[in-house]
Each structure stands twice: as structure tokens, then as C-alpha cells.
Amino acid sequence: MGSINNDQLQESTSDIPLIDFALFLSSTSTETERLTTAKELVAACHDVGFVSIANHGVPSALLSEAFEWSKRLFDLEIEEKMKAPHPDGPAVHRGYSYPGLEKVSQVVSDDLDLGKKLREVRDCKESYEIGHPLNDSQPNVWLPDYVLPGFQDFMNRFYTTLSDTSSSILHAIGLGLGLSDPTYLLRFHSGINNQLRLLHYPPIPAKEVEEGRSARMEAHSDWGSITLLFQDECGGLEVQRKDGQFVNIAPVEGALVMNVGDMLMRWSNDYLKSTLHRVTLPPVEDRFTGSERLTRARYSIPYFVSPDEDAIVEVMKECTGVDNPVKYEPVKQREYRAMRAKLQY
């Protein structure tokens, strides 16, 4: 998970753009170099909504340690993990969710019967949600320290590092969009309303997914501004292209995957795309094992970057024009999240 050189950038086989963020972060870069990188980032967010970012500034040793902690967490017995249970309902998104508790979809509805029907296809994943310690409306649910000593301390430090990285990316997006104030988006993102998620997809028979009896994570868009994703080498993440076809996002060692969320799409008046994506079977046959063709375990770590809860998201003036009228009414982040979360738990 170290830094990526030019040869590796050219050899990437992913179906999404891969950009080098080093020049934007470097204190010795010129304004032109920073602007070039920012425009590359915005072009990827406009064309696809997904981009791989190399040399993003998150230390490789820290990422390796984060995945080690994640594996240690999910290797615990269920009784131990349930000492930090996800609260009932969708209002607070923290703590441990066992396989089948959460159902991710693009459906927004108050119909509880519809929610039950969606759950006939179970999401075969487990997760652990972590937020900012000062977010009183979304309080953290931690395992007792004796269960996994050091876990809480590490995850708080990791959260802070990812918050700093996300601020750099939001700054680059503002610059690449040509905003009169390139730091405009940072005004709405203190980092308090972000969410760190540890994800584990246990092995299941591939046939269950192929026949539609189980899912890993069904197609959806993210609700926030941007998402930073770190994934292992297993694969299975797919993004929908403009023609409706889902294509593979091949893991690139050392790179993070960034995607646009609904809030940034609204801010940009649809110029930046919040794209449907899903997790399905790994794309390579030898990633199945045994006579039942069990999937390999998959680990990923998304970091969801959201505006502060009371932030009002309204279309930026730079993203409108005579031939591009405002497409969205202003919305408060808190209200939008509640709307999207209705059938999730």
C-alpha cells in the first residue's frame, strides 16, 4: 500500500480514471501544477463520478494497520462483537451490524412492507460504524476496551487522518470547478459529520449471489459529499457507466477510490455525478474456492464525507447558466439523510 510510481499508473487496468495527487499535496508545486491535478480530478468526477487517487497522503503503514484492526474485529465471536450493537432503527448509524441487519438500496419509501420485501434478498456483509467523538447526535458505540484493547484509540486517530485527506480533496474539487473561493466547500465540512466504516464480506456460495438469493451490496448512490474507499485485492466493486452497464473497479495497490455523493451532485447542479455502484462477485474465477465455489472474504474501509448536519446544500452559482438552470431546491443535510435512511435498518 505504498506510493505509486509512473509505471504503475500506466499499468492500471481499472475501468475508472487513475490520477496522481502528489503534485496537489506538495508544498513545492506551482499553482499551475496544482490546478492541473484539480482539473483532472473534476473531469473524472464529471465523466464517471468515480476516480482512483494515487499518492493521496494517507501513510501506507497506517492503512495496513487499519486493515489488520478490521480483521481482528471481524474475527471476534459474534457474542463479543454484539457488545457494541448498532442502535435500533436508522436514526443513529454506529457500532456493529451483523449480516442481514442493514439493507442497502436506492429505494426511498415510507412503506414498511416494501422494506420487508427488499430484505428477502439479504445483504451478506457485516460492518462497524465510527464517527467523530464530538458528534452528539450520532454518538459512537464502542466495544469495551478489554474486548479489543487499543481499537478505539487507533480508529480515532485514523478518522482524523482521513478527515484531513478529505479536506484536501474537497479543496481540489473547488479549485478544479473554478469556484471564486476554492475553499468554499470546506465551510460546510468540519469533519464532525463524517463516518468511518469497516466492512467485511464473509465467504458465501457464489451460486447464492448468481441466483439472486443473496447480495453483497446492491446498487446505490452515496448520500454525502464524497466517499473515500480503501479496498483489499479481492475485488467485486462495480460502477454504472452512462450506458447503464456496470463495470469493474479493479483494486489498485496503494490507491484510494473516491466517488461523488448526492450532496456534491446537488451543489454542482449535476455537473459532478453521484453514480450507482454495487459490490458483487469477484470478477476472476480463481477467487472462488472449493466445490461450492465459495467467495473469498473481502475487506474494505469506506470513509463517508458529509456536510455538517445543519448545513444547507444549494446549487453553487458557478454551476448554473442561461442553458443550465438550477435543478435542485436547497436541502438541509440532516433532512436529506433521514429521507434516504428510512428503509435501511
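From a predicted model like this one, the values you see are computed outputs, not experimental measurements. Reckoned from all heavy atoms, side chains included, excluding hydrogens, waters and symmetry mates.
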For [X] and [Y], test the side chains for any donor-to-acceptor distance below 3.5 angstrom and give the result as yes or no.
| X | Y | result |
| --- | --- | --- |
| T30 | T32 | no |
| N193 | D308 | no |
| S214 | E208 | yes |
| D270 | Y328 | yes |

So, [X] and [Y], do they make that salt bridge, N to O below 4.0 Å?
| X | Y | result |
| --- | --- | --- |
| E329 | R266 | no |
| R157 | D153 | yes |
| R278 | E238 | yes |
| D310 | R334 | yes |
| D262 | R340 | yes |
| E210 | R293 | yes |
| E129 | R94 | no |

When rounded to the nearest 0.5 angstrom, what is the spacing between [atom1] in [X] and [atom2] in [Y]?
| X | Y | atom1 | atom2 | result |
| --- | --- | --- | --- | --- |
| N269 | K317 | CG | NZ | 13.5 Å |
| Y299 | L73 | OH | CG | 9.5 Å |
| Y336 | M263 | OH | CE | 5.0 Å |
| H220 | L276 | NE2 | CG | 9.0 Å |
| H93 | F304 | NE2 | CZ | 7.0 Å |
| N135 | I192 | CG | CD1 | 7.0 Å |

Might you point out which heavy atoms bring [X] and [Y] nearest each other, and give the distance in Å?
| X | Y | answer |
| --- | --- | --- |
| I301 | A66 | CD1-CB, 3.9 Å |
| M155 | W142 | CB-CH2, 4.0 Å |
| P90 | A341 | CB-O, 3.1 Å |
| L198 | S70 | CB-OG, 3.9 Å |
| G261 | S274 | C-OG, 3.4 Å |
| S29 | L23 | OG-O, 2.5 Å |

Quick check on [X]: does its [atom1] atom have over 12 non-hydrogen neighbours (other residues, nucleotides or ligands) under 6.0 Å away?
| X | atom1 | value |
| --- | --- | --- |
| K83 | NZ | yes |
| E31 | CD | no |
| K327 | NZ | yes |
| D323 | CG | no |

Should the pair [X] and [Y] be assigned to parallel (<30°), tilted (30 to 60°) or perpendicular (>60°) ring geometry?
| X | Y | value |
| --- | --- | --- |
| F24 | H171 | perpendicular |
| Y96 | F74 | tilted |
| H132 | Y159 | perpendicular |

Shared ILVMFWY cluster between [X] and [Y], side chains joined below 4.5 angstrom?
| X | Y | answer |
| --- | --- | --- |
| L199 | V141 | no |
| I130 | Y303 | yes |
| Y128 | Y146 | yes |
| M265 | V326 | yes |
| M339 | W267 | yes |

| task | Please check if the side chain of D232 supplies one atom and the backbone of C234 the other of a donor-acceptor pair under 3.5 Å. | result |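 Checking the backbone N and O of C234 against the side chain of D232, a donor-acceptor pair under 3.5 Å is found.
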
| task | Answer yes or no: is there a donor N or O on one side and an acceptor on the other, between the side chain of N55 and the main chain of D20, under 3.5 Å? | result |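 Not a single qualifying donor-acceptor pair exists.
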
| task | From the options N194, N259, L256, select the one residue that forms a side-chain contact (heavy atoms from CB on, under 4.5 Å) with T227. | result |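 Testing each of N194, N259, L256 against T227, the sole residue satisfying side-chain contact (heavy atoms from CB on, under 4.5 Å) is N259.
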
| Can you find a heavy atom in the side chain of T275 that is under 4.5 Å from one in the side chain of V48? |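 SC-SC contact between T275 and V48 ruled out.
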
| field | S127 vs H200, side-chain hydrogen bond (donor to acceptor under 3.5 Å, both in side chains): CA-CA, chis, key distance, verdict | value | CA-CA 6 Å; S127 66; H200 173 226; over 6 Å; no

| said: Can you confirm if the aromatic rings of F151 and F158 lie within a centre distance of less than 6.0 Å? | reply: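 No: the rings miss the under 6.0 Å criterion.
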
| query | Can K125 and M217 be said to form a side chain to side chain contact (heavy atoms under 4.5 Å, CB included), step by step? | reply | CA-CA 8 Å; K125 67 181 189 308; M217 188 180 292; 3.4 Å; yes

| said: Which residues pass the salt bridge (Lys or Arg N to Asp or Glu O under 4.0 Å) test with D164, not counting sequence neighbours? | reply: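 Testing D164 for salt bridge (Lys or Arg N to Asp or Glu O under 4.0 Å), a comparison that skips the adjacent residues, returns none.
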
In a table with atom names and distances, give each donor-acceptor pair under 3.5 Å that connects a side chain of residues 176-185 to protein atoms at least two apart or in another chain.
from, atom 1, to, atom 2, distance (Å)
S180, OG, E318, OE2, 3.2
D181, OD1, T183, N, 3.0
D181, OD1, T183, OG1, 2.7
D181, OD2, T183, OG1, 3.4
D181, OD2, R187, NH2, 2.9

| said: F21 vs H56, test: ring pair (Phe, Tyr, Trp, His ring centres under 6.0 Å). Steps then yes/no. | reply: CA-CA 6 Å; F21 206 55; H56 40 70; 8.8 Å; no

